[in-house]
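The next block holds one structure in the form of structure tokens; read it before the comments.
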Amino acid sequence: MNWARALRAFDAHLGAERNLSPHTRRAYATDLRQLMQAVGIEQDPDRVTAEAVRTWLVSMHRRCSAATLGRKLASVRSFYRYLLREGVVRSDPTAGLPAPKQAARLPRPLGVDDCDVLVRGKRIARNAAETDPREELAQLRAVALVELLYGSGIRVGELVSLDVRDMDLQRGELRVMGKGRKERVVPLPALVVEALRAWLDARPQAGLLAQPLFVALRQSAGGGAPRRLGERDVRRILRARAREVGIADRVHPHRLRHSYATHLLDMGADLREIQELLGHASLSTTQKYTAVSVEHLRQVYDSAHPRAERASSRRWGVKRKQQ
């Protein structure tokens, strides 16, 4: 089987058997095409060696992070495991290849006060004579978008795929299609429901249920259905919102997801419950937030406890500098 047929078969496998999103499948395809070009398009997948894969990874070392290289290796490994299972190749050239070592990085949640400021933003004037209707609509959309990201912890890819019909504002629930096409129901706090209702009430009601939840404000060409916002649009709106309220730190959708999980844990939520809310397949993925909370407690202790100067180095295992 040549590369083109192997890639088509693998992509079909990712979609039909593993239920991966189009975005994830495109990432797999990009990584595999890079390998294909590196070893030669005419090369049969069965003739690719471990040395060829290693050389390809080394060639990208300077321009790719360890995390990116690890993802590319994982893509190739999944590809060859599939081909091996199907009997297309006789061996897996990635077997025994170690993943690049990555520095342990903890999530960086925003503080509760920053999240509150980000949501509240500047007040929307209700006097039609003072307010541009388009500006007011943009503010309602931004508030609803931020409230939903921080109040539900959903991924940006899940947010942009939502339709109005996926919500039940009476019950305060949201039906989300997560990774692996796994559906989950996420509860919506009262403030999120209020912000979403204000955003929807400001939009034309004809055919609203069938429309995307978050749409562009400009009318689409030909007067058709409004354009669904993409992930880049959401990131742009968040950056603008952060600048508007004076937050200098970087704000992006996944950071609000980190903030949601960390703040829930700080308030006493059970780790299993947070796992269900976030849609994590493994509890180990959720456990990283416990490390964030412990780090926060350590900082609180060091800044507030009268004996922190002498005790913190022993209690937290930190070596003090020699005087």
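Position 1 is the first residue of the sequence; numbering continues from there.
Distance alone, capped at 3.5 Å, places no donor-acceptor pair between the Gln34 side chain and the Trp56 backbone.
A search for side-chain hydrogen bond (donor to acceptor under 3.5 Å, both in side chains) contacts involving Glu231 returns nothing, not counting sequence neighbours. In this structure, Arg232 has no salt bridge (charged side-chain N to carboxylate O under 4.0 Å, His left out) partners at least two apart in sequence or on a different chain. Take Arg54 and apply the salt bridge (charged side-chain N to carboxylate O under 4.0 Å, His left out) test, not counting sequence neighbours, and it matches Glu51. Residues satisfying the salt bridge (charged side-chain N to carboxylate O under 4.0 Å, His left out) criterion with Asp113, sequence neighbours excluded, are absent altogether. Every residue two or more places apart in sequence or in another chain that forms a side chain to side chain contact (heavy atoms under 4.5 Å, CB included) with Gln275 is listed here: Arg272, His280, Leu283, Thr286. Partners of Arg175 by salt bridge (charged side-chain N to carboxylate O under 4.0 Å, His left out), not counting sequence neighbours, listed by chain and number: Asp166, Glu183.
Between Arg184 and Glu158, at least one side-chain N (NZ, or NE/NH1/NH2) sits under 4.0 Å from a carboxylate O, which counts as a salt bridge. Electrostatic pairing of Asp92 and Arg77 does not count as a salt bridge here, judged by no charged N lying under 4.0 Å from a carboxylate O.
Side-chain polar atoms of Arg241 and Gln139 form a donor-acceptor pair below 3.5 angstrom. Donor-acceptor pairing under 3.5 Å is recorded for the side chains of Gln211 and Arg203.
Between Tyr82 and His13, the angle of the ring planes stays under 30°, which puts this pair in the parallel group of the 30/60° scheme.
Across Ala216 and Leu229, no two heavy atoms sit closer than the pair N-CD2, 3.7 Å.
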